[in-house]
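This report refers to the structure that appears directly beneath it.
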Amino acid sequence: MSIFITGGAGYIGSHTCVELLEAGYDIVVADNYVNSCPEALERVKKITGRDFKYYECDIRDRSALDKIFKENSIEAVIHFAGLKAVGESCQKPLEYYDNNIGGTLVLLDVMRSNGCKKIVFSSSATVYGSENKVPFVETMKTGTTTNPYGTTKLYIEGILKDMYLADNEWSVVLLRYFNPVGAHKSGLIGENPNGIPNNLMPYITQVSVGKREKLYINGNDYPTKDGTCIRDYIHVVDLAIGHIKAVEHIMKKTGVDIYNLGTGIGYSVLDVVETFKRANNIDIPYEIVGRRAGDIAECYANADKALKELGWKAEKNLEDMCRDAMNWQSKNPNGYGN
Ligand code: NAD
Ligand code: UFG
């Protein structure tokens, strides 16, 4: 029996493949490489010394997906496949709804017709919106997303809840990620953004290897300790291990359970810059510029539920994240395109 990983060649997917293989699971991967490449999966094989099948497949392609289910014995799905750029989603809402929601609908239909009713879904802290107070707890009201990307996460959470209401044989875990950063300690896999990075850590690592001149910090006039935004950065390997716990959970029980995957600690942008400098003994020049539209001042998790029910807790600290991010970037200055 295998775990089917959609979007497994991506940043979080590839790290999760490593942890699953190392925990002894068999896996099958599908990805259309819209934001990744098969080289990431070859490197997963290299790290783990294990082989697995992977398919170039768009999850909206019903017959291709069905063929994968028929060719393999799939017990459960971890569903990473999706588009994730917040800014781009505001320019291309239709593409985001089509890919993320349309893709999920096809996936769920194919799962159902093949008798597979266990799924772990990549949701996001973005579903907490701007009206809740930190730390965010799973019981808080959601529904105030401010961009189409976030709205796709919210809708898919709702669709999965409805699937269970209609058929209580389904077993669903919704994982709300906070800010995944860092890379596998081997430096063989990591985050590989196209063009100018939108996110903080890949931008810093590109400055660190001289690909960008300096970091632009988006605002220092927020109501926080140093005026810059606070986020809950979580090492991608800790996040990947959270998926193993979620898979164990859906094997045991039906229902819908929601878990925050974060450290529970908030760091400011300046904290990240200072920690990165210290951990890697390198300077990161920066300039303070205006606020970025849509940013909230603070976002961090209450991660108690995942500890209590899944026995999961993030183990790595911000220094580990900064060191591992730098290790990946310096070994692969052009990502997988070296
Ligand atoms: P990523 O872009 O690296 O990985 C997503 C993968 O899905 C890519 O390999 C891409 O090629 C693939 N994909 C996209 N659409 C597809 C389709 N229609 N068919 C097949 N494959 C498709 O992103 P990531 O950071 O690894 O994120 C994984 C998941 O976690 C996404 O759903 C994302 O929205 C969610 N998430 C990410 C973050 C973050 O900060 N990285 C935060 C919260 C949630
Ligand atoms: N930032 C900068 N300069 C940069 C990049 C980011 O100052 O060049 C700042 C941002 O303004 C923000 C902080 O760094 O204050 C973190 O920004 P990121 O873009 O790294 O992360 P976000 O918290 O904005 O977004 C992340 C994911 C989204 C997800 C969201 C909530 O990228 O997909 O968390 O879960 F929706």
Side-chain angles (χ1 to χ4, degrees), residues 5-16 29-38 40-41 55-61 64-65 78-87 89 95-96 98-100 102-104 106-107 121-129 136 145-147 149-150 152-153 156 175-181 190-194 196-204 206-207 212 214-220 222 224 228-234 236 239-240 260-262 267-270 272-273 286-301:
I5 322 283
T6 73
Y11 172 47
I12 304 169
S14 57
H15 286 82
T16 303
V29 172
D31 203 301
N32 67 355
Y33 308 124
V34 65
N35 196 36
S36 58
C37 57
L41 295 168
Y55 295 82
E56 179 167 358
C57 169
D58 190 306
I59 57 162
R60 289 166 296 181
D61 182 341
L65 209 51
I78 307 181
H79 179 29
F80 293 107
L83 300 174
K84 64 165 182 177
V86 172
S89 78
E95 283 77 1
Y96 271 67
D98 177 48
N99 192 75
N100 294 5
T104 303
V106 173
L107 173 68
F121 173 62
S122 301
S123 189
S124 167
T126 194
V127 301
Y128 289 111
F136 295 144
T145 50
T146 52
N147 58 76
Y149 163 73
T152 68
K153 295 295 176 193
I156 295 168
L175 296 178
R176 292 179 178 161
Y177 310 155
F178 282 71
N179 287 55
V181 295
E191 193 168 8
N192 186 28
N194 284 326
I196 303 172
N198 293 309
N199 300 119
L200 180 63
M201 189 64 88
Y203 205 105
I204 293 178
Q206 293 200 2
V207 172
R212 316 244 160 236
K214 58 183 164 183
L215 171 71
Y216 297 94
I217 295 183
N218 303 317
N220 66 349
Y222 286 94
T224 61
T228 65
C229 291
I230 303 274
R231 295 288 181 272
D232 185 338
Y233 298 93
I234 171 168
V236 66
L239 191 74
N260 286 339
L261 294 186
Y267 286 106
S268 73
V269 176
L270 285 170
V272 177
V273 172
Y286 66 81
E287 181 185 331
I288 307 284
V289 294
R291 290 183 176 196
R292 184 173 74 177
D295 274 346
I296 56 172
E298 292 186 285
C299 174
Y300 57 91

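In what follows, every heavy atom counts, from backbone to side chain, and hydrogens, waters and symmetry copies are set aside. In this chain, residues are counted from 1 in sequence order. Just so you know, ligand 1 is whichever comes first in the structure, and atom 1 is the first atom listed for that ligand.
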Ranking Gly82, Gly7, Ala125 by closest non-hydrogen atom to atom 14 (C) of ligand 1, top hit is Gly82
A student comparing Tyr177, Tyr149, Tyr55 should find that the heavy atom closest to atom 33 (C) of ligand 1 comes from Tyr149
So if I count the atoms of ligand 1 from 1 in the order they appear, which ones are less than 4.0 Å from some heavy atom of [X]?
{"X": "Tyr33", "answer": "11 (O)"}
{"X": "Cys57", "answer": "19 (N), 20 (C)"}
{"X": "Pro180", "answer": "39 (C), 40 (O), 41 (N)"}
{"X": "Gly10", "answer": "3 (O), 4 (O), 9 (O), 26 (O)"}
{"X": "Ser123", "answer": "43 (C), 44 (C)"}
{"X": "Ser36", "answer": "8 (C), 9 (O), 11 (O)"}
{"X": "Ser122", "answer": "29 (C), 30 (O), 32 (O), 35 (C)"}

Note, [X] side chain near [Y] side chain (heavy atom, < 4.5 Å):
{"X": "Leu83", "Y": "Asn35", "result": "no"}
{"X": "Leu215", "Y": "Leu200", "result": "yes"}
{"X": "Tyr203", "Y": "Ile196", "result": "yes"}

Please state which protein non-hydrogen atom is closest to [atom] and give its distance, to 0.1 Å?
{"atom": "atom 20 (O) of ligand 2", "answer": "Leu200 N, 2.8 Å"}
{"atom": "atom 15 (N) of ligand 1", "answer": "Asn99 ND2, 3.1 Å"}
{"atom": "atom 19 (N) of ligand 1", "answer": "Ile59 N, 3.0 Å"}
{"atom": "atom 15 (O) of ligand 2", "answer": "Cys229 CB, 3.0 Å"}
{"atom": "atom 3 (N) of ligand 2", "answer": "Tyr216 O, 2.8 Å"}
{"atom": "atom 11 (O) of ligand 2", "answer": "Asp295 OD2, 2.5 Å"}
{"atom": "atom 25 (O) of ligand 2", "answer": "Asn179 ND2, 4.1 Å"}
{"atom": "atom 37 (C) of ligand 1", "answer": "Ile12 CD1, 3.8 Å"}
{"atom": "atom 13 (N) of ligand 1", "answer": "Asn32 OD1, 3.5 Å"}
{"atom": "atom 3 (O) of ligand 1", "answer": "Tyr11 N, 2.8 Å"}
{"atom": "atom 18 (P) of ligand 2", "answer": "Asn199 ND2, 3.5 Å"}
{"atom": "atom 25 (O) of ligand 1", "answer": "Lys84 NZ, 2.8 Å"}
{"atom": "atom 12 (C) of ligand 1", "answer": "Asp31 OD1, 3.3 Å"}
{"atom": "atom 2 (O) of ligand 1", "answer": "Asn35 ND2, 2.7 Å"}
{"atom": "atom 2 (C) of ligand 2", "answer": "Asn218 ND2, 3.1 Å"}
{"atom": "atom 17 (O) of ligand 2", "answer": "Arg292 NH2, 3.4 Å"}

Output the list of atoms in ligand 2 that are nearer than 4.0 Å to some heavy atom of [X], sorted by atom number.
{"X": "Val269", "value": "9 (C), 13 (C), 14 (O), 15 (O)"}
{"X": "Tyr177", "value": "35 (O)"}
{"X": "Leu215", "value": "3 (N), 8 (O)"}
{"X": "Ile217", "value": "7 (O)"}

Rounded to the nearest 0.5 Å, how far does [atom2] of [Y] lie from [atom1] of [X]?
{"X": "Leu107", "Y": "Ile156", "atom1": "CG", "atom2": "CD1", "answer": "10.0 Å"}
{"X": "Ser124", "Y": "Leu175", "atom1": "OG", "atom2": "CG", "answer": "11.5 Å"}
{"X": "Leu65", "Y": "Thr6", "atom1": "CG", "atom2": "OG1", "answer": "8.5 Å"}

Could you tell me whether Lys153 and ligand 1 have an N or O pair separated by under 3.5 Å? yes
**Short N or O distance, Phe80 and ligand 1, threshold 3.5 Å exclusive** = yes
Quick look: Ala30 vs ligand 1, heavy-atom contacts under 4.0 Å, and the answer is neither
*Polar proximity ligand 2 side, Tyr233 side, N/O cut 3.5 Å exclusive*: no
- Query: Has ligand 2 got any nitrogen or oxygen that is less than 3.5 angstrom from a nitrogen or oxygen of Ser124?
  - Reply: yes
Next item on the list: Over 60° means perpendicular and under 30° means parallel, so classify the ring planes of Tyr149 and Tyr96, tilted if in between.
Entry: perpendicular
**Asked** Looking at Tyr128, does the NZ or CZ of Arg176 lie under 6.0 angstrom from its six-membered ring centre and within 45 degrees of the ring axis?
**Response** yes
Task: Heavy-atom gap Val34 to ligand 1 smaller than 4.0 Å - done: yes
